[in-house]
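As the structure lists them, so they are numbered: ligands from 1, and atoms in each ligand from 1.
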Amino acid sequence: MENNYDVYLNYLQKNLDKKRFYHSINVAKESYKLAEKYGYNKDKAYLSGLLHDVCKNESEEKMLKMFKEFGIILDDIQKSQYKLWHAVLGARFIQQEFSIEDKEIIDAIRYHTTGRANMTKLDKILYLADFISADRDFDGVDYLREFAYFNLDTAVFECLKFSINELCSMSKPIHTDTLDGYNHLLIKKMRLNNCTLLL
Ligand code: DGI
Ligand code: FE
Ligand code: FE
């Protein structure tokens, strides 16, 4: 199946460092497995995983130049957090470079770092695959891997919570999309469990 992906693999091999290239392949494989588990198009999941970090290794100057060319305007939190840039840029870049017009793929890449409210199934699969891919080895990853194949919403929620805790402990700004994703899944869960009469 990887035969169809030659154009993408060539681009990634040329433009990503070795570690990032293998990370991308690992995320593609994890996305594929999650798509299988949760009943989603496996090829779309694989492709999203492969391309999700396509702009990750670009310099700050090059990214700023590309934002200008594409007419992308960053909000204040994005401006202050370089790590958020590659997702915003990557989503636009795959349209330009590879003529990918699939909105689900574009959005999943756009929101793979922060999540958002009302995540699509592909948003969730990619967000989670990026968090738990085989190359991740941070403290707590095994706990998140257990959730991943148990319940998709719970797993994404736990990852968002993990991320928010981590960012808070480092006094970093938390993007509103990250908070929206967390709140949305929490309220959905409360509603399912009939936790409050108001919902
Ligand atoms: O590109 P990867 O390293 O594979 O993973 P990623 O795209 O999920 O990026 C992870 C980084 O993004 C990590 O250093 C934390 C940061 N991040 C995620 N959400 C937020 C955030 N940083 C800030 N400041 N605010 C966020 O809401
Ligand atoms: Fe990323
Ligand atoms: Fe990644």
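Taking the six-membered ring where the residue is Trp, Y143 and F147 present perpendicular rings, their angle passing 60° and hence far from 30°.
Across K189, K124, H184, a single residue satisfies side-chain hydrogen bond (donor to acceptor under 3.5 Å, both in side chains) together with D153, and that is K124.
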Validation: residues 68-79 side-chain donor-acceptor distances under 3.5 Å, sequence neighbours left out:
residue	atom	partner	partner atom	Å
D75	OD1	I77	N	3.1
D75	OD1	Q78	N	2.8
D75	OD2	H175	NE2	2.8
Q78	OE1	D75	N	2.9

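Here the protein contributes D53 OD1, H86 NE2, H112 NE2 as N, O or S atoms under 2.8 Å from the Fe ion (ligand 2).
The environment of NZ in K65 is sparse: at most 12 heavy-atom neighbours from other residues, nucleotides or ligands sit within 6.0 Å.
Counting all heavy atoms, side chain and backbone alike, L84 lies closest to T114 at CD2-CG2, 3.8 Å.
Applying the ring-ring contact (aromatic ring centres under 6.0 Å, His included) definition to pairs two or more places apart or across chains, those involving residues 84-109 are Y8-F98, Y11-F93, Y11-F98, F67-W85, Y82-W85, H86-H112.
Side-chain atoms of L12 and L50, non-hydrogen and from C-beta on, do get closer than 4.5 Å to each other. Residues L34 and Y149 meet the side-chain proximity criterion, which asks for heavy atoms closer than 4.5 Å.
Listed by chain and number, residues touching ligand 1 at under 4.0 Å (heavy atoms only) are R20, H23, D53, K56, Q81, K83, L84, H86, H112, T113, D130, R136, L167, P173, I174, H175, T178.
The backbone N or O of D17 sits less than 3.5 Å from a side-chain atom of N57, completing a donor-acceptor pair.
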